[in-house]
Amino acid sequence: MVAHAEATYPNECCGVMLGSIDGDSKSVTIATPLENVSAGSQTARYQLRPEDLLHADREARRLKLDLIGIYHSHPDCDAYFSETDLKNSCPWYSFVVLSVQNGKFHHANSWLPNAEQTASEKEELIWPKS
Ligand SMILES: [Zn+2]
């Protein structure tokens, strides 16, 4: 995810996270980069192809995993969850936002939108050691 976010800088990257859900805890096993198909400037926008998302969901099921969320980057911006992000979100996914400053990964946050998509809660994000 970090490598993808840095590679697409100064544009936004996006992708899906496959993994497993155990109670309140979600573990990402595989992060798959997807194409940002947003028309126009991609420095502050991302858009996923619905069929890419469908394909990822199928792939997750084949691997006996769940599609647990979507990640995207914020080039030269903090890892906050924007109004647009909230509007384009799905309440059952976790949304990881990666802040990339001057082409280098800076920090990340994970957000969980509420069912009405009017607010999002920050989730604890634990990076793998190594
Ligand atoms: Zn965003």
Side-chain angles (χ1 to χ4, degrees):
M1 278 155 63
V2 168
H4 185 211
E6 289 183 346
T8 55
Y9 180 89
N11 287 339
E12 287 199 9
C13 76
C14 52
V16 290
M17 300 179 290
L18 311 185
S20 47
I21 303 172
D22 179 20
D24 283 341
S25 149
K26 301 171 182 173
S27 307
V28 177
T29 318
I30 305 169
T32 309
L34 294 179
E35 198 185 335
N36 183 350
V37 293
S38 173
S41 170
Q42 299 186 348
T43 55
R45 283 280 177 282
Y46 81 98
Q47 206 185 336
L48 294 166
R49 263 191 219 105
E51 57 264 39
D52 284 350
L53 210 53
L54 222 65
H55 180 259
D57 196 41
R58 242 181 263 133
E59 184 68 5
R61 242 168 282 184
R62 194 179 63 80
L63 298 167
K64 303 217 175 345
L65 297 170
D66 286 307
L67 177 53
I68 58 177
I70 292 167
Y71 71 90
H72 73 284
S73 63
H74 279 179
D76 295 321
C77 253
D78 273 345
Y80 67 98
F81 207 54
S82 72
E83 204 68 34
T84 315
D85 289 338
L86 194 57
K87 228 172 27 206
N88 297 333
S89 66
C90 307
W92 54 91
Y93 290 149
S94 287
F95 288 82
V96 168
V97 182
L98 300 103
S99 167
V100 180
Q101 315 265 353
N102 293 314
K104 284 267 162 257
F105 171 72
H106 193 266
H107 65 281
N109 287 312
S110 185
W111 303 94
L112 191 65
N114 66 6
E116 296 77 33
Q117 287 173 246
T118 49
S120 57
E121 197 184 307
K122 205 171 179 172
E123 296 182 292
E124 189 185 2
L125 186 60
I126 303 164
W127 294 92
K129 296 179 186 81
S130 80

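One-based numbering, in listed order, for ligands and for the atoms of each.
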Exam field: side chain Ser73 to backbone Ser99, donor-acceptor pair closer than 3.5 Å: no
N, O or S atoms of the protein lying under 2.8 Å from the Zn ion (ligand 1): His72 NE2, His74 NE2, Asp85 OD1, Asp85 OD2
Between Gln42 and Asn36, is there a donor-acceptor pair closer than 3.5 Å when you use the side chain of the first and the backbone of the second? yes
Taking the side chain as everything from C-beta on, heavy atoms only, tell me whether Ser89 gets closer than 4.5 Å to Trp111. no
Which label fits His72 and Tyr46: parallel for a plane angle under 30°, tilted from 30 to 60°, or perpendicular past 60°? parallel
For Gln47, side-chain hydrogen bond (donor to acceptor under 3.5 Å, both in side chains) partners two or more places apart: none
Parallel, tilted or perpendicular: which describes the rings of Trp127 and Phe105, with under 30° parallel and over 60° perpendicular? perpendicular
